[in-house]
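These notes concern the structure reproduced below.
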Amino acid sequence: MRRYVLRRLAQAVGVLWAAYTVSFLVLDYLPGDPVSAMAGGGLNSSPVDPAELAALRAEYGFDKPILMQYFDYLGKALRGDFGDSVATGRSVTDTIATALPPTMQLTGAAVVLAVLFGGGLALSATYTTRRWLRQVLLSLPPLAISIPSFWAGLMLVQLLSFRVRLFPAFGNGGLPGLVLPAVTLAIPTGALIAQVLAKSLLSTLDAPFVQTARAKGAGRLRVHLRHALRSASLPALTIVGLLVGQLLASSVVIETVFSRNGLGRVMAGAVSVQDIPLVQGVVVFGAFVFVVVNLVIDLIYPLLDPRIVVAGRRSSA
């Protein structure tokens, strides 16, 4: 188990380094002059005095060779210092910390709703004995996945805010204001979880150990929830870990649609003015969240199926 944990930790560190390196290279090779854009406040900014541009390049280290810039910024990032936002002058760390709570509330609520919706749909579809009902339930996830998030959000606003007036359409209005954006994020995520879990459950229900449990007299519900679900949940757990990054990325669109203040809108604003320190800080933070969630899921795997650790020990031997 110790070797398994150390291997996963080493992979997590590698993912963080790769995310930082890729974001640094992408930002460096963007078309246009980022220093001019940052100094003028946007990509279509007016010309800036060359002396001011030279001072800004020296301040942020853009006058150094690219390799030296990379190692300078990497050394500061290892200490948790991503510099200051050019647009606001605030520390990147403080900016992220301020914008983080609304986004974490949104993504956390979306994950909970997605797991409840996807898990409930998959369990219902695989438990029912009516073939027509199973086909109807199994056809819902592909339909939900194909719906664009921004369109679903606009339809929910039109129906539940403007017509029925149950929830506010815009802003960070506490729990009522969280419902519509969380549901919008949860629809495609829950549909994908339902699709993967239902397929895994249908396969697991035909496994020999499930047939043995039935032969011993276990009821359908007990077989479904206690025997089959534990083994079938591993692929769904993997999907949940992978979808965390997608939820953070989708928050940019959702927070824009619902006019919520959060990390997504901060990221959108930083990209529009090429605020390189802030963009890189948000990218690395998103990678950190993704790595931590997937690391936790990797550590849960052996609890659900001890054969994973045994297989890893055999392969390393």
Joint hydrophobic cluster, [X] plus [Y], side-chain heavy atoms closer than 4.5 Å:
{"X": "Leu192", "Y": "Leu202", "value": "no"}
{"X": "Leu140", "Y": "Val196", "value": "no"}
{"X": "Leu78", "Y": "Val13", "value": "no"}
{"X": "Leu263", "Y": "Val293", "value": "yes"}
{"X": "Trp151", "Y": "Phe258", "value": "yes"}

Considering all heavy atoms, the nearest [X]-[Y] contact:
{"X": "Leu106", "Y": "Leu178", "result": "CA-CD1, 3.7 Å"}
{"X": "Leu205", "Y": "Val210", "result": "O-CG1, 3.5 Å"}
{"X": "Pro142", "Y": "Ser139", "result": "CD-O, 3.4 Å"}
{"X": "Leu180", "Y": "Ser161", "result": "CD1-OG, 3.2 Å"}
{"X": "Ser200", "Y": "Thr204", "result": "O-OG1, 2.7 Å"}
{"X": "Thr129", "Y": "Arg220", "result": "CG2-NH2, 3.6 Å"}

Tell me whether [X] contacts the main-chain N or O of [Y] through its side chain, where contact means a donor paired with an acceptor under 3.5 Å.
{"X": "Thr189", "Y": "Leu185", "value": "yes"}
{"X": "Glu255", "Y": "Gly264", "value": "yes"}
{"X": "Ser146", "Y": "Leu143", "value": "yes"}
{"X": "Arg260", "Y": "Ile254", "value": "no"}

Side chain to side chain contact (heavy atoms under 4.5 Å, CB included) between Gln69 and Phe24, worked out:
CA-CA 10 Å; Gln69 292 181 39; Phe24 180 87; 3.9 Å; yes

Could you go step by step and tell me if Phe285 and Leu100 meet the side chain to side chain contact (heavy atoms under 4.5 Å, CB included) rule?
CA-CA 10 Å; Phe285 174 77; Leu100 182 59; 3.3 Å; yes

If you count every heavy atom of other residues, nucleotides or ligands that lies below 6.0 Å from Phe288 atom CZ, does the total exceed 12?
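Atom CZ in Phe288 is not packed in, count stays at 12 or less.
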
Would you say Met155 has more than 12 foreign heavy atoms packed within less than 6.0 Å of its CE?
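Count over threshold, so yes.
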
Any Gln280 side-chain heavy atom under 4.5 Å of Val283 side chain
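When only atoms from C-beta onward are counted, Val283 and Gln280 do not touch, as no gap falls below 4.5 Å.
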
Please test Val282 against Ile96 for side chain to side chain contact (heavy atoms under 4.5 Å, CB included), starting from the C-alpha separation and ending with a verdict.
CA-CA 7 Å; Val282 174; Ile96 294 175; 4.1 Å; yes

Could you measure the distance from the [atom1] atom of [X] to the [atom2] atom of [Y]? Nearest 0.5 Å is fine.
{"X": "Leu237", "Y": "Ile193", "atom1": "CG", "atom2": "CD1", "value": "9.0 Å"}
{"X": "Leu159", "Y": "Leu166", "atom1": "CG", "atom2": "CG", "value": "8.5 Å"}
{"X": "Ile187", "Y": "Ile147", "atom1": "CD1", "atom2": "CD1", "value": "6.5 Å"}
{"X": "Tyr70", "Y": "Leu25", "atom1": "OH", "atom2": "CG", "value": "7.5 Å"}
{"X": "Thr126", "Y": "Leu138", "atom1": "OG1", "atom2": "CG", "value": "8.0 Å"}
{"X": "Thr128", "Y": "Leu123", "atom1": "OG1", "atom2": "CG", "value": "12.5 Å"}

Do you know which of Leu121, Ile239, Leu229 makes side-chain contact (heavy atoms from CB on, under 4.5 Å) with Leu197?
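Only one option passes, and that is Leu229.
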
Look at the aromatic rings of Phe82 and Tyr20 and report parallel, tilted or perpendicular, splitting at 30° and 60°.
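If you compare the ring of Phe82 with that of Tyr20, the planes turn out tilted.
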
Donor-acceptor pair between Arg90 and Thr98 side chains, under 3.5 angstrom
yes

